[in-house]
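I have placed the structure first, in the form of structure tokens, so that the comments after it can refer back to it.
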Amino acid sequence: MTRLSRYLLPTEKQAPADAEAISHKLMVRAGLIRQVGSGMWSWLPAGWRVHRRIEQIIRQEMDAIGAQEMLMPVLQPAELWRKTGRIAIEELFKLTDRKGSELVLAMTHEEVVTSHVAQLVRSYRDLPLVLYHFQVKERDEPRPRAGVLRTREFIMKDSYSFDRDEEGLAHSYELHICAYDRMMERCGLRFYRVASDVGMMGGRSAHEYMAPCPAGENEVALAGSYAANVEVASAQAKPANLPEPLDAPVREHTPGLTTVEEVSSFLGVPASALLKAYPVAVEVQQNVGENDLGGALAGASAGGGQRSAGMRLVLVLVRGDHFVNETKLERALHSRCRPASAEEIESQIGPAGFIGPVGLQGRVQILLDEAVHDGCYVTGGNERDVHLRGVRPGRDFTFDRADVRTVCEGDLVNGIPISIERAIEVGNIFQLGLRYTEPFGARFLDEEGHSRPIWMGCYGIGPARVAAAAVEQYADERGISWPKAISPFDVHIVAIGREGGPERRAADALHEALRSAGFVVICDDRDIGPGQKLADADLLGAPLRLTVGRRALEAGEVEVLMRRGGRRAGGIAIGAGETELADAVRTLWATLP
RNA sequence: CGGGGCGUGGCGCAGCCUGGUAGCGCGCAUGAUUUGGGGUCAUGAGGUCCCCGGUUCGAAUCCGGGCGCCCCGACCA
């Protein structure tokens with residue numbers, strides 16, 4: 001029996017002063033988590049129950065697709081990470097032991113699992129293989145935030161698939177999509193599966209599982225069946241409103257006017273008729289073919305720097321009402337890039353705030369966004385206090401083209417306008433391809449005895465984020481409202497009245513009946529006022545609340561409240577036998593979200 | 001990495017400017033009262049005022065250094 005009088009559930013009336021996000025406030029207030037340091041959190045008993053229930057759902061769905069659970073260490077030799085080049089990642093914790101050996105704290109486990117597979121898998125008969133574990137991940141986050149949403153240490157389920165060929169990988173990927181869809185549904189989350197950037201993992205195709213909520217750090221673009229992270233989303237732009245074309249560019253004096261807003265209002269043209277010039281410094285690759293290895297990982301200035309051969313400038317042009325998307329830009333350039341420094345701009349292009357594409361031929365590559373259609377635009381004049389009107393791409397400057405802008409709300413995909421929502425990334429799946437198996441020499445012998453590389457995928461999901469997302473999505477002004485599958489308790493019994501009184505005896509009987517029927521029950525038997533108990537029950541958010549007070553005893557019925565929406569259900573007869581009680585609750589339970 | 005803010009009992013805060021016995025609300029303990037929405041009363045416990053150094057007769061308060069934590073930004077030229 002779980003009695004609140006004996007349970008560590010430190011609820012608080014006031015949220016921590018520094019909390020912003022709803023989930024942060026409520027999870028602390030409800031006594032689920034406590035902070036240890038920046039980005040470091042303990043899970044208190046009730047919070048840990050939530051975490052474990054989510055884990056269990058994930059575990060069941062992984063097992064259901066034939067994945068095998070194992071466990072790999074967090075502390076790892078740095079050598080493994082040198083092999084893949086990921087030693088250069090800044091978020092990777094590095095340390096040395098007393099002998100001076102270099103170690104890392106793993107942020108994911110591709111290196112270890114792949115090194116195992118490279119050793120242990122020999123034959124096509126050993127494939128396909130899916131391995132997973134729940135393990136702590138360590139990340140030196142530049143900025144931990146929002147309680148358990150972005151932490152430096154967290155538990156993640158990560159699985160790794162190993163296949164004979166690309167088709168096998170695609171199949172493993174599909175299996176994971178099914179498993180992940182089911183996990184999300186079973187956890188009761190509203191979610192989107194969106195196309196995403198491959199990011200630091202390197203590799204090929206990728207999707208993210210996004211739970212929409214205001215505290216989310218990501219934005220997703222949605223249009224009908226289209227769903228993509230804004231970092232990679234593409235869409236058809238709303239048409240620009242262009243002025244009459246001119247035969248040649250005309251100089252305009254624009255003293256001190258450097259922003260799109262200033263220039264467009266001064267010249268009386270809409271922002272969409274301007275070309276915004278965004279100079280970036282791009283890493284020059286010596287050997288593009290080899291790039292898949294280091295790829296997006298080797299930071300511009302990071303140590304190792306195997307193939308950086310200096311920087312060159314590229315002038316990116318997007319419409320004045322659009323924004324450059326650096327993720328898409330790096331993809332288009334097949335290289336890391338960063339905004340150019342003030343010195344680089346001044347020395348190679350022109351005065352900051354007045355730069356443009358005209359007159360740069362041969363000196364700086366010009367990359368024109370696809371949403372810039374033929375017509376005459378206003379651009380910087382590469383001269384202080386001067387802009388040019390009537391600049392026409394192709395006539396007045398030459399360019400390369402790419403889709404490098406961030407989509408806007410209302411842009412079209414297949415004729416359907418995009419909406420943009422904030423969301424928490426709770427899971428992600430990647431087709432890694434040979435990104436990790438090659439460096440570790442993970443190969444197998446096929447039916448003909450030929451050695452072939454193993455095709456790999458990886459798949460992560462964070463139970464803590466699932467929990468936080470559920471809190472965000474369903475909380476109301478009274479507190480948390482858990483989906484029934486992941487609530488710390490199924491039923492919260494509020495026992496009003498004095499200890500030893502008839503209400504308490506009735507509550508105990510109810511507790512025992514439901515417990516033996518398989519429900520996880522918490523009973524508030526504390527010697528405090530009824531208001532406090534009811535408020536704590538609201539805060540903790542179990543889906544079903546049963547109140548046993550004098551009112552109930554007189555009516556001969558226990559009062560039932562469904563937390564979501566605060567709906568009252570018909571009472572349950574107190575005098576009924578255990579079986580009848582359990583059946584009544586079971587019937588109600590089936591109707592809960 | 002840039003900007004801003006904060007560190008005083010478990011939580012939320014005041015006191016600091018203008019140096020002089022460390023306070024308030026909630027919580028906690030004990031007792032009484034109350035028992036369907038955080039009720040009431042009484043008594044009580046609990047603090048290295050983040051740390052180190054300096055100034056001073058005297059530092060939570062002033063000065064210097066450090067540590068910790070939070071928020072915003074880190075594309076809009």
Side-chain angles (χ1 to χ4, degrees), chain A residues 8 10-21 24-25 28-29 31 34-40 90 142-147 150 230-231 254 256-264 271 274-280 301 315-330 337-342 344-346 349-356 379-380 382 384 387 404-406 408 478-479 494-504 524 526-539 545-555 558-559 561 566 568:
Chain A
L8 181 65
T11 56
E12 298 287 347
K13 209 182 274 189
Q14 286 163 307
D18 48 35
E20 286 290 318
H24 182 185
K25 289 180 185 165
V28 171
R29 282 192 54 212
R34 279 291 156 114
Q35 185 166 19
V36 175
S38 179
M40 302 180 294
E90 292 190 355
R143 192 182 151 204
R145 60 177 288 275
R150 179 169 291 277
V230 163
E231 287 179 346
T254 51
L257 307 179
T258 60
T259 67
V260 168
E261 292 71 31
E262 288 165 353
V263 174
S264 70
L274 268 63
L275 287 184
K276 191 190 292 186
Y278 184 74
V280 293
S301 58
L315 190 65
V316 182
L317 297 174
V318 297
R319 253 164 57 180
D321 57 337
H322 289 159
F323 300 108
V324 173
N325 179 321
E326 289 193 17
T327 304
K328 288 168 73 172
L329 180 59
E330 290 191 344
C337 64
R338 58 167 171 79
S341 68
E344 288 166 332
I345 296 171
E346 295 283 341
I349 301 176
F354 302 95
I355 61 175
T379 74
N382 289 328
R384 190 160 303 286
H387 277 79
V404 293
R405 73 176 184 107
T406 300
C408 307
R478 289 170 178 264
V494 176
I496 295 171
R498 274 179 204 291
E499 200 175 333
E503 298 93 344
R504 297 300 184 88
D524 193 346
R526 293 174 299 174
D527 195 18
I528 55 174
Q532 296 177 58
K533 295 187 184 185
L534 294 170
D536 274 355
D538 289 340
L539 181 58
R545 184 174 95 198
L546 305 183
T547 311
V548 187
R550 186 194 293 159
R551 204 194 277 171
L553 292 187
E554 282 170 358
V558 179
E559 182 178 300
L561 185 88
R568 285 178 198 286

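Proteins get letters first, then strands, A, B, ... in listed order; numbering begins at 1 in each. Both backbone and side-chain heavy atoms feed into the values below; hydrogens, waters and symmetry mates do not. This structure is a prediction, so every number in the text was calculated from the model and none was measured.
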### Query
So, the side chain of A:Arg319 versus the backbone of A:Lys276: is there a donor-acceptor pair under 3.5 Å, distance only?
no
### Message
Test your reading of the model: is there a side-chain donor-acceptor pair from A:Lys328 to the backbone of A:Arg405, 3.5 Å cut-off?
### Response
yes
Taking atom [atom1] in both [N] and [M], compute the distance separating them and give it to the nearest angstrom.
| N | M | atom1 | result |
| --- | --- | --- | --- |
| B:G68 | B:C75 | C1' | 32 Å |
| B:C57 | B:G19 | P | 15 Å |
| B:U18 | B:A77 | C1' | 48 Å |
| B:G47 | B:U8 | C1' | 8 Å |
| B:G20 | B:C63 | P | 15 Å |
| B:G58 | B:C41 | P | 44 Å |
| B:G23 | B:G9 | C1' | 11 Å |
| B:C26 | B:C71 | P | 29 Å |

Check whether any side-chain heavy atom of [X] sits under 4.5 Å from a side-chain heavy atom of [Y], and report yes or no.
| X | Y | answer |
| --- | --- | --- |
| A:Val324 | A:Thr406 | no |
| A:Leu274 | A:Thr379 | no |
| A:Arg550 | A:Pro502 | no |
| A:Asp538 | A:Asp536 | no |
| A:Val494 | A:Leu546 | no |

What integer distance in Å separates [X]:[atom1] from [N]:[atom2]?
| X | N | atom1 | atom2 | result |
| --- | --- | --- | --- | --- |
| A:Ile496 | B:G39 | CD1 | C1' | 14 Å |
| A:Asp527 | B:G27 | CG | P | 15 Å |
| A:Gln532 | B:U34 | CD | P | 17 Å |
| A:Glu20 | B:G4 | CD | C1' | 13 Å |
| A:Lys276 | B:A77 | NZ | P | 7 Å |
| A:Lys25 | B:C71 | NZ | P | 11 Å |
| A:Leu8 | B:C28 | CG | P | 14 Å |
| A:Glu12 | B:C11 | CD | P | 8 Å |

Starting the side chain at C-beta, find the nucleotide from [options] nearest to [X].
| X | options | value |
| --- | --- | --- |
| A:Arg34 | B:G37, B:C75, B:G10 | B:G10 |
| A:Leu534 | B:G36, B:C75, B:G37 | B:G37 |
| A:Pro530 | B:G36, B:U34, B:A77 | B:G36 |
| A:Arg498 | B:U34, B:C26, B:A77 | B:U34 |

Looking across every strand, which nucleic acid part, if any, lies under 4.0 Å from [X] by heavy atom: base, sugar-phosphate, or nothing?
| X | result |
| --- | --- |
| A:Ala552 | base |
| A:Arg478 | base |
| A:Gln14 | base |
| A:Ala537 | nothing |
| A:Arg29 | base |

Only pairs with both distances under 3.5 Å count, Watson-Crick or wobble alike; so what is the partner of [N] in this structure?
| N | value |
| --- | --- |
| B:C1 | B:G73 |
| B:U30 | B:A42 |
| B:A60 | none |
| B:G37 | none |
| B:C67 | B:G7 |
| B:G23 | B:C13 |

### Message
Here's a test of your reading of the structure: between A:Asp536 and A:Ala277, which maps to the more 5' nucleotide of RNA chain B?
### Response
A:Asp536
### Query
In terms of the nearest nucleotide of RNA chain B, which residue is placed more toward the 5' end: A:Arg550 or A:Pro279?
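Taking each residue's closest nucleotide, the earlier one in sequence belongs to A:Arg550.
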### Query
What is the minimum heavy-atom distance between A:Gly566 and A:Leu561, and which atoms define it?
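Closest approach of A:Gly566 to A:Leu561: O-CD1, 3.4 Å.
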### Qualifying residues under ring-ring contact (aromatic ring centres under 6.0 Å, His included), relative to A:His24, sequence neighbours excluded
A:Trp41
Would you tabulate the nitrogen or oxygen pairs shorter than 3.5 Å linking the protein to nucleotides 65-69 of chain B?
{"residue": "B:C69", "atom": "OP1", "partner": "A:Ser38", "partner atom": "N", "Å": "2.8"}
{"residue": "B:C69", "atom": "O3'", "partner": "A:Gln35", "partner atom": "NE2", "Å": "3.4"}

#### Entry: Polar pair under 3.5 Å, donor/acceptor by atom type, side chain A:Arg545, base B:G37
yes
### Task
Scan A:Thr547, A:Leu553, A:Asp524 and name whichever one has a side chain to side chain contact (heavy atoms under 4.5 Å, CB included) with A:Ile496.
A:Thr547
